[in-house]
Amino acid sequence: MTDEQMNVYKMRITQAGIAELTVVMLEMEIQWIREALEAFDQQKMEEFLSSVEKAQGTQVELMNVMNMENPLSEEIYSVFAFINKQLIRAKIKRQPLDLARCRKMLEKYHASFAAIAKTDTAGPVMVQSEKVYAGLTYGADGLVESSVGGMEFKV
């Protein structure tokens with residue numbers, strides 16, 4: 001994942017509600033699995049393992065933050081646990097095994113959580129974070145995206 005993509009995710013996270021945070025995390029995990037599969041096809045084992053490791057870290061975080069009081073959470077948790085197991089197996093065996101299948105499963109959950117996020121009116125989880133206003137300016141090193149409060153991301 002490029003620095004630019006990470007910066008976009010970071011900005012989205014600062015403005016996201018709880019449902020949108022889940023959507024962002026799922027997008028990140030899907031991206032890392034996609035990158036792992038590409039790295040494996042190109043026989044870049046270190047990149048493969050690194051991407052799988054990042055995907056698994058995101059998967060574990062998704063499992064840790066689940067609201068287990070929700071009746072559907074137990075079913076979702078079991079699917080997430082399966083995906084986590086497949087990521088662990090991929091690292092151990094150094095093979096993608098069922099990663100493409102796991103990515104498809106995550107994409108289905110992503111669609112569901114994206115629909116839920118559209119109905120979330122609770123506001124951002126990070127209420128103390130600054131508002132992000134998109135503003136691109138030309139800097140010495142290329143485009144610079146600035147936000148109120150002085151944060152800058154170079155593109």
Side-chain angles (χ1 to χ4, degrees), residues 1-120 122-127 129 132 134 141-145 147 151-155:
M1 190 173 308
T2 65
D3 288 341
E4 179 182 349
Q5 290 171 316
M6 282 303 297
N7 287 336
V8 170
Y9 284 130
K10 288 175 188 177
M11 286 191 297
R12 284 180 60 197
I13 287 169
T14 64
Q15 305 302 306
I18 190 75
E20 181 65 20
L21 279 174
T22 305
V23 171
V24 172
M25 290 175 69
L26 287 166
E27 288 175 11
M28 291 171 70
E29 183 174 3
I30 290 165
Q31 177 68 25
W32 278 315
I33 290 174
R34 185 176 297 119
E35 289 177 8
L37 292 169
E38 289 171 7
F40 186 81
D41 288 344
Q42 297 170 4
Q43 298 178 347
K44 298 179 179 177
M45 189 55 62
E46 291 302 315
E47 287 181 33
F48 170 76
L49 293 173
S50 175
S51 294
V52 171
E53 183 75 31
K54 290 174 183 175
Q56 190 204 2
T58 306
Q59 185 62 54
V60 168
E61 188 61 27
L62 281 168
M63 294 167 62
N64 286 337
V65 298
M66 288 189 71
N67 177 6
M68 296 308 285
E69 294 175 12
N70 185 321
L72 293 175
S73 292
E74 190 173 320
E75 292 177 32
I76 295 170
Y77 189 89
S78 65
V79 174
F80 283 2
F82 169 80
I83 293 169
N84 187 49
K85 181 179 178 182
Q86 297 310 309
L87 290 165
I88 292 169
R89 287 183 64 224
K91 282 193 308 187
I92 292 170
K93 301 275 187 178
R94 296 176 176 260
Q95 296 281 326
L97 303 173
D98 285 338
L99 292 188
R101 179 176 159 206
C102 291
R103 189 187 75 223
K104 289 178 185 175
M105 293 166 73
L106 290 168
E107 288 169 349
K108 289 180 182 178
Y109 278 105
H110 175 268
S112 299
F113 278 103
I116 292 168
K118 290 178 183 175
T119 65
D120 185 7
V125 174
M126 297 175 70
V127 292
S129 68
V132 176
D141 298 325
L143 290 176
V144 177
E145 185 169 359
S147 65
M151 290 180 64
E152 292 186 351
F153 302 99
K154 293 186 192 293
V155 181

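Computed from a prediction, not measured in an experiment: that's the story for all the values here. Values below: all heavy atoms of this structure, side chains included; hydrogens, waters and symmetry mates excluded. Residue indices begin at 1 and follow the sequence shown.
Taking NZ from Lys85 and CG from Leu97, the interatomic distance works out to 11.5 Å, rounded to the nearest 0.5 Å. Put simply, CG on Leu62 and OG1 on Thr22 are 6.5 Å apart, with the number rounded to the nearest 0.5 Å. With rounding to the nearest 0.5 angstrom, the CD atom of Glu74 is 13.5 Å from the CD atom of Glu69. For the atom pair Leu87 CG and Cys102 SG, the distance stands at 6.0 Å (nearest 0.5 Å). To the nearest 0.5 Å, atom CZ of residue Arg34 and atom CG of residue Leu99 are 12.5 Å apart. Separation of atoms CD1 (Ile30) and NZ (Lys104) is listed at 13.0 Å; rounding is to 0.5 Å.
Side-chain atoms of Ser51 come within 3.5 Å of backbone atoms of Glu47 as a donor-acceptor pair (strictly under, hydrogens ignored).
When every heavy atom of Asn84 is checked against every heavy atom of Gln56, the shortest pair comes out as OD1-CG, 3.0 Å. Nearest heavy atom pair, residue Glu20 against residue Ala117, reads OE1-CB, 3.8 Å. Minimum heavy-atom separation, Val52 to Ala90: CG1-CB, 4.4 Å.
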Practice task
For the pair Ile76 and Tyr109, evaluate side-chain contact (heavy atoms from CB on, under 4.5 Å) and give the outcome as yes or no after the intermediate values.
Solution key: CA-CA 9 Å; Ile76 295 170; Tyr109 278 105; 3.8 Å; yes

Practice task
Please test Glu107 against Arg103 for salt bridge (charged side-chain N to carboxylate O under 4.0 Å, His left out), starting from the C-alpha separation and ending with a verdict.
Solution key: CA-CA 6 Å; Glu107 288 169 349; Arg103 189 187 75 223; 3.4 Å; yes

Handout entry: From CA spacing to verdict: side-chain contact (heavy atoms from CB on, under 4.5 Å), Phe82, Met105
Key = CA-CA 11 Å; Phe82 169 80; Met105 293 166 73; 4.1 Å; yes

Problem - Steps toward side-chain contact (heavy atoms from CB on, under 4.5 Å) verdict (Phe48, Gln43) - result: CA-CA 8 Å; Phe48 170 76; Gln43 298 178 347; over 6 Å; no

Practice task
Decide yes or no on side-chain contact (heavy atoms from CB on, under 4.5 Å) for Met25 and Glu29, but give the supporting numbers first.
Solution key: CA-CA 6 Å; Met25 290 175 69; Glu29 183 174 3; over 6 Å; no

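Looking at heavy atoms from C-beta onward, Leu26 lies in side-chain contact with Phe113 at the 4.5 angstrom threshold. Taking the side chain as every heavy atom from C-beta outward, Leu106 and Phe80 approach each other to under 4.5 Å. Side-chain contact between Phe40 and Arg94 is absent, with no heavy-atom pair separated by less than 4.5 Å.
For the residue pair Gln31/Glu27, the side-chain donor-acceptor check at 3.5 Å is not satisfied.
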